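In what follows, a single structure is set out as structure tokens and then discussed.
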Amino acid sequence: MSSDVTAVVVRLKLSLLRNGLRQSGGRRAAYVASAVAVLLFAALQLLGLIMLRGTAHADSLVVLLVAVLALGWAVMPLFFPSGDETLDPTRLVMLPLRPRPLVRALLAASLVGMGPLFTLCLFAGSVIAVARGAMAYVVGVIGVVLALLVCVALARTVAAANIRLLTSRKGRDLAVLSGLVVAIGAQVVNFGAQRLGSSGLAQLDPAADVLRWVPPASAIAAVRSVSEGAYGTALLQLALSTAALVALIAVWSRHLTRLMTSPDGSTLQAATETSVRGRTSTGLSRLLPADRTGTVMERSLRYIWRDPKTKAAWVTSLAIGLIVPLFNALQGTGSIYFACFAAGMLGVMMYNQFGQDTSAFWMVAMTISSSRDAYVELRGRALALLLITLPYAALVTFLTTALLGDWPRLPEVLGLSFALLGAMLATGAWTSARFPYSIPQEGYKNVAPGQTGLAWISIFGGMIASALLCAPVIAVTIWLNVSENGDAWTWLLLPGGAAYGTAITLMGLRLAAPRTAARLPEILTAVSKG
């Protein structure tokens with residue numbers, strides 16, 4: 001009976017893949033292209049690991065590689081819950097299936113796909129890189145199977161434990177934030193690669209010595225232990241991975257039992273709690289002006305907190321704007337002027353202001369009947385952005401300065417950041433009216449089909465214009481730094497940059513207001529296409 005259930009679920013997984021590819025030629029082409037890219041990358045990684053054979057400290061690298069892959073399997077269901085339809089066991093609650101056979105069936109189905117194949121290639125390469133002798137290869141085969149099963153069981157356990165969250169709106173919001181994880185992970189990998197390139201693999205040994213005893217890395221570490229003749233150590237490491245697999249399957253089975261036997265009262269419970277609790281005020285409105293400007297600011301801030309796409313864009317910009325200057329400063333190769341990157345990342349948030357409203361912009365458009373109304377609307381949005389960007393830019397500049405110890409340049413860098421921020425607010429207000437585009441609310445796309453050109457013109461054209469507007473402040477900064485007695489006057493760049501940024505912002509808002517009022521129908525049409 002169990003084998004029959006396993007075969008059926010595996011065929012179901014294959015049918016889901018096949019039927020998905022039948023939907024359109026574009027989807028087939030995308031799948032084939034992604035599969036070829038994954039296989040090519042896996043082959044290159046496998047070749048690279050094989051070439052590490054005989055290299056000093058290669059065992060530390062493969063242990064860390066296995067640990068990172070296991071971490072990726074753990075977080076994958078949280079950020080890509082729709083990537084595998086069989087990750088949701090609630091789809092099977094109406095079927096007469098017992099949890100234990102279902103666990104085996106889903107575990108087998110989880111081994112079908114590009115992810116397990118990619119992981120298998122890396123695990124196999126890791127074994128080849130460290131194995132010495134026939135016994136080491138035998139243990140390597142066992143270790144690869146154990147490590148792969150632990151990774152798959154870990155992903156399934158995390159998915160089952162959080163399935164109510166992943167199928168809710170909060171779960172979809174979490175999935176949208178996957179771009180943040182990718183962005184931060186890319187910067188961390190870049191930082192780590194540069195450190196390894198300068199210091200070598202030896203600095204991985206302390207972390208690897210700990211991870212050798214953490215499943216599933218312990219299963220691959222057993223290969224090295226056998227190669228060195230430490231059979232007792234290898235047996236203990238394999239036992240740790242086996243125990244982890246048994247524990248994960250037990251937890252997974254318990255969650256499946258609860259999901260398939262307990263009623264889903266989330267909707268009723270949420271409604272009851274809402275009716276009892278009632279609406280509570282956050283007090284935000286009491287801190288803002290009691291006029292249209294305050295209303296616009298509150299609306300913009302609530303979009304940042306509640307709208308998934310807007311929240312994802314802000315969190316990503318905040319993270320990258322902090323990571324780039326600080327990581328460069330930590331490497332000792334950065335410049336204090338990299339702190340201006342934070343202001344630039346958040347200044348982009350001013351672009352396509354009306355597209356963030358999507359079809360709800362018609363309610364805003366109904367309140368704009370003159371250039372004055374448009375000016376107040378744009379001013380409120382800019383002020384809401386400044387509530388976050390001004391202290392944030394100052395904080396990043398201060399931290400970067402502290403890491404580099406270049407305190408005399410702090411005023412001029414802050415002045416440059418404020419001038420750049422003002423220029424981007426000005427150009428963002430103008431491009432929001434001139435080149436609006438829609439942001440789809442579903443999926444991972446940030447531009448509606450057919451409007452990619454508008455997005456490129458709006459963002460990159462505005463950034464070039466912002467750089468040109470900042471040219472006077474940049475020129476004065478360079479002149480003061482190269483002149484003989486200029487260092488004594490660089491502190492003036494802080495108030496000068498702030499005043500210049502304020503003037504540029506006000507001028508940009510004034511110029512964008514009449515265009516916004518005149519182009520309301522076109523803006524509404526453009527932002528409603530998604």
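Everything numeric here is computed off the predicted structure, so don't read it as measured data. When a residue number appears, it is its place in the shown sequence, counting from 1.
- Taking CG of Leu420 as the start and CE of Met424 as the end, the distance is 6.0 Å to the nearest 0.5 Å.
- Considering only heavy atoms from C-beta on, Glu377 comes within 4.5 Å of Val364 through its side chain.
- Here Phe338 contributes atom CZ and Leu326 contributes atom CG; the two are 12.0 Å apart, rounded to the nearest 0.5 Å.
- The distance from atom CZ of Arg299 to atom CD1 of Ile304, rounded to the nearest 0.5 Å, is 12.0 Å.
- Within the 3.5 Å criterion, the main-chain N or O of Gly462 finds a donor-acceptor partner in the side chain of Tyr351.
- With contacts defined as side-chain heavy-atom distances shorter than 4.5 Å, the pair Val348/Ser317 does not qualify.
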- CA sep, side-chain torsions, deciding dist, call: Ile323, Ile320, side chain to side chain contact (heavy atoms under 4.5 Å, CB included): CA-CA 5 Å; Ile323 287 173; Ile320 298 178; 5.6 Å; no
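- Expressed to the nearest 0.5 Å, how far OG of Ser335 lies from CG of Asp406 amounts to 8.0 Å.
- Judged by distance alone, the side chains of Arg379 and Thr293 do bring a donor and an acceptor atom under 3.5 Å apart.
- Using modelled atom types, one finds a donor on one side chain and an acceptor on the other under 3.5 Å when comparing Thr367 with Arg292.
- Between atom OH of residue Tyr337 and atom CD1 of residue Ile474 there is a gap of 10.5 Å, rounded to the nearest 0.5 Å.
- A salt bridge links Arg381 and Asp357; the closest N-O separation between the charged side-chain nitrogens and carboxylate oxygens is under 4.0 Å.
- Summarising the geometry, atom CG belonging to Leu469 is positioned 11.5 Å from atom CG belonging to Leu425; distances are rounded to the nearest 0.5 Å.
- Listed here is the closest heavy atom pair of Pro436 and Ser432: CB-O, 3.5 Å.
- The backbone N or O of Gly294 sits less than 3.5 Å from a side-chain atom of Asp291, completing a donor-acceptor pair.
- Atom CE of Met51 is surrounded by 12 or fewer heavy atoms from other residues, nucleotides or ligands within 6.0 Å.
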- Task: Take Cys121 and Gln45 through the test side chain to side chain contact (heavy atoms under 4.5 Å, CB included) and record every step on the way to the result.
- Result: CA-CA 8 Å; Cys121 290; Gln45 294 295 312; over 6 Å; no
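- Scanning both residues, Ser438 and Ala526, for their nearest heavy atoms gives CB-O, 3.4 Å.
- For the pair Val376/Val296, no side-chain contact is recorded, criterion being any heavy-atom separation below 4.5 Å from C-beta on.
- The shortest heavy-atom contact between Gly347 and Leu421 is CA-CD1, 4.0 Å.
- Under the rule for a side chain to side chain donor-acceptor pair (under 3.5 Å), the partners of Asp59 that lie at least two apart in sequence or sit in another chain are Arg212, Arg224.
- In this structure, Leu301 and Ala384 approach most closely via the heavy-atom pair CD2-O, 3.8 Å.
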- Task: Test Thr397 against Leu410 for side chain to side chain contact (heavy atoms under 4.5 Å, CB included), laying out the working first.
- Result: CA-CA 7 Å; Thr397 305; Leu410 177 61; 3.5 Å; yes
- Show the numbers, then the answer: is there a side chain to side chain contact (heavy atoms under 4.5 Å, CB included) between Trp73 and Val158? CA-CA 9 Å; Trp73 275 93; Val158 171; over 6 Å; no
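- Between Leu520 and Phe361 there is a side-chain heavy-atom pair separated by less than 4.5 Å.
- In this structure, Glu412 contributes its side chain and Pro408 its backbone to no donor-acceptor pair below 3.5 Å.
- Remark: the backbone N or O of Ile336 is not paired with any side-chain donor or acceptor of Arg409 at under 3.5 angstrom.
- Trp489 CH2: 12 or fewer foreign heavy atoms inside a 6.0 Å radius.
- Put simply, the side chain of Phe123 reaches to within 4.5 Å of the side chain of Cys151, judged on heavy atoms.
- Side-chain N or O atoms of Asn352 include none that pairs as donor or acceptor with a backbone N or O of Ser458 at under 3.5 Å.
- The aromatic ring centroids of Tyr392 and Trp314 lie 6.0 Å or more from each other.
- The aromatic rings of Phe118 and Phe41 sit parallel to each other, their planes meeting at less than 30°, with 60° as the upper class boundary.
- Closest heavy-atom contact between Pro514 and Ser371: CA-OG, 3.4 Å.
- Within 6.0 Å of atom CZ in Phe398, 12 or fewer heavy atoms from other residues, nucleotides or ligands are found, so the atom counts as exposed in its surroundings.
- In the displayed structure, Trp362 atom CH2 is contacted under 6.0 Å by at most 12 heavy atoms of other residues, nucleotides or ligands.
- The nearest pair of heavy atoms linking Ala70 to Leu154 is O-CD2, 3.6 Å.
- Residues Leu61 and Leu52 have side chains in contact (heavy-atom distance under 4.5 Å, counting atoms from C-beta outward).
- Between Arg434 and Glu522, none of the side-chain N atoms (NZ, or NE/NH1/NH2) sits under 4.0 Å from a carboxylate O, so this pair counts as no salt bridge.
- A donor-acceptor contact shorter than 3.5 Å links the side chain of Thr505 to the backbone of Gly422.
- The side-chain heavy atoms of Val214 and Val63, taken from C-beta on, include no pair separated by under 4.5 Å.
- Leu493 is not listed as a side-chain neighbour of Pro411, based on a closest heavy-atom distance of 4.5 Å or more.
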